[in-house]
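Reading through the structure tokens given below for one structure.
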Amino acid sequence: MFLTKEEQEMCDGEYGETIRKSMDILVALGDIYGASKLVDITSAQVSGVSYKTIGEAGLEYLQDLARDESAKASVNASLNPPGTDLDNWKELGFPEYFAVKQNDIVDAYGDLGIAKTCTCTPYLVGNVPRFRDHISWSESSAVAYGNSVIGARTNREGGPAALAAAIVGKTPLYGFHLDENRNANLVVNVSCELQGADFGALGYIIGKAVGGGVPYFKMQNAPSNNNLKTLGAALASSGSVALYHVEDVTPEANLISVGEIEDIMFISEKEINETRKSLTTTDKEIDLVCLGCPHASLEEIKEVANIVEGKTIKNKLWICTSVSVKATADRMGYTQIIESAGGNVVCDTCMVVAPIEEMGFEVIGVNSAKAANYVPSMCGLDVVYDDTENLIRFE
Ligand code: F3S
């Protein structure tokens with residue numbers, strides 16, 4: 001891979017140890033994937049934040065990097081969800097040993113100049129690239145949204161590669177950074193109108209079918225941004241989709257010659273309904289309804305507030321979101337409505353990266369196919385998959 005004189009000096013350690021280690025990661029990646037050079041990025045989003053996933057070894061690695069005070073993020077960079085609500089972990093019942101370690105991890109990232117905006121929806125809270133910007137994002141649903149809905153360019157980066165890119169401000173030029181890899185290779189004709197959890201079911205079916213390919217959807221009704229984040233999260237979890245197009249909706253869709261694509265799938269109401277049912281793993285009662293996968297937008301919190309206003313919720317309810325979105329929900333009075341009904345707006349974390357299996361829950365109600373896919377495998381708990389209004393039970 002071609003390196004400029006400055007990049008070579010970074011590799012040689014002339015800019016400090018953390019930058020040298022970061023360049024090692026980027027150059028190794030570029031060599032593996034045949035990148036011709038590094039390209040400047042405008043944004044990074046770094047995963048590998050939960051103590052549940054990176055553990056003690058990850059914490060020590062980050063604290064070691066952070067000791068080098070000359071190494072800081074050189075672009076707009078933010079964090080993926082950690083395993084706790086960083087401020088309200090005690091009230092919500094998170095284990096103390098876990099919360100203390102979790103805050104140490106986030107502090108180490110903060111020392112490296114990564115904003116402690118802990119969310120998988122950075123595009124809702126100020127880490128928003130422009131069309132065609134090169135970026136380095138690592139949370140798979142955020143990657144799908146950034147590539148597909150915004151039209152920025154990123155591969156599905158691992159946490160260490162995104163952190164290295166945040167510090168150096170560059171990433172290897174390969175994969176979805178190149179125009180020729182952004183064409184679709186599967187056309188999906190959806191014959192029914194979709195709403196709510198249908199979008200997750202569609203993403204789950206197509207992710208499995210296409211793996212790491214690029215699907216092109218023809219839909220009967222235009223999805224909202226919230227529907228697109230649900231769709232992308234599901235595509236990225238049952239498959240490894242990083243980019244999709246929706247006819248007349250996403251910015252690169254109309255640049256593609258669909259007629260040349262030979263693989264075509266037809267999806268009807270029958271497949272959507274069967275998949276919705278198959279994502280539920282139990283007929284037991286739900287202990288915890290956990291919404292916000294990917295993290296809830298203000299509109300989604302408002303919808304929940306409308307559903308629960310003036311009522312008393314029987315099962316526990318968490319709506320996971322970022323601190324920034326919750327701050328606005330607080331001002332709008334949505335948080336108070338939800339809390340009065342017995343629910344919580346939970347910041348930073350989510351049902352997959354939090355240690356919910358240690359908190360006494362057994363059955364989780366979710367409206368996200370990504371969560372329905374991961375909660376059984378990563379937390380060992382059962383799930384019920386449905387639309388929000390069908391999950392919440394009242395006294
Ligand atoms: Fe976000 Fe957690 Fe879902 S990181 S996409 S809420 S699994």
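Atoms within each ligand, like the ligands themselves, are counted from 1 in listed order. Quick note: numbers below take in every heavy atom, side chains included, and nothing from hydrogens, waters or symmetry partners. Just so it is clear, the structure is predicted and the values come from calculations on it, not from any experiment.
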### Message
Keeping Asn367 on the side-chain end and Asp386 on the backbone end, is there a donor-acceptor pair under 3.5 Å?
### Response
no
#### Entry: Side-chain donor-acceptor pair present, Thr349, Asp85, cut-off under 3.5 Å
no
### Message
Angle between ring planes, Phe98 versus Tyr51, binned at 30° and 60°: parallel, tilted or perpendicular?
### Response
perpendicular
#### Entry: 4.0 Å heavy-atom contact, Ala142 with ligand 1
no
### Query
Is the closest heavy atom of Ser141 to ligand 1 under 4.0 Å?
yes
### Query
Under 6.0 Å between the ring centres of Trp318 and Phe94?
yes
### Query
Identify the closest protein heavy atom to atom 4 (S) of ligand 1: which residue and atom is it, and at what distance?
Pro81 CG, 3.6 Å
### Query
Among protein heavy atoms, which lies nearest atom 3 (Fe) of ligand 1, and at what distance?
Cys293 SG, 2.3 Å
### Query
With atoms numbered from 1 as shown, which atoms in ligand 1 lie under 4.0 angstrom from a non-hydrogen atom of Lys370?
5 (S), 7 (S)
### Task
Take the angle between the ring planes of Phe217 and Tyr244 and call it parallel below 30°, perpendicular above 60°, tilted in between.
perpendicular
### Message
Which residue and atom name correspond to the protein heavy atom nearest atom 2 (Fe) of ligand 1, and how close is it?
### Response
Cys350 SG, 2.3 Å
### Message
How far is atom 1 (Fe) of ligand 1 from the closest protein heavy atom, and which atom is that?
### Response
Cys120 SG, 2.4 Å
### Task
Report, in ascending order of atom number, the atoms of ligand 1 lying under 4.0 Å from any heavy atom of Val352.
7 (S)
### Contact atoms of ligand 1, heavy-atom distance to Gly292 under 4.0 Å
6 (S)
### Contact check, Ala233 vs ligand 1, heavy-atom distance below 4.0 Å
no
### Query
Any ion pair linking Arg182 and Glu252 (charged N to carboxylate O, less than 4.0 Å)?
yes
#### Entry: Whether His295 has an N, O or S atom under 2.8 Å from atom 1 (Fe) of ligand 1
no
### Task
Check Leu186, Val190, Asn189 against Met265 for a side chain to side chain contact (heavy atoms under 4.5 Å, CB included) and give me the one that passes.
Leu186
### Distance-minimising heavy-atom pair for Val75 and Gly169
CG1-CA, 4.0 Å
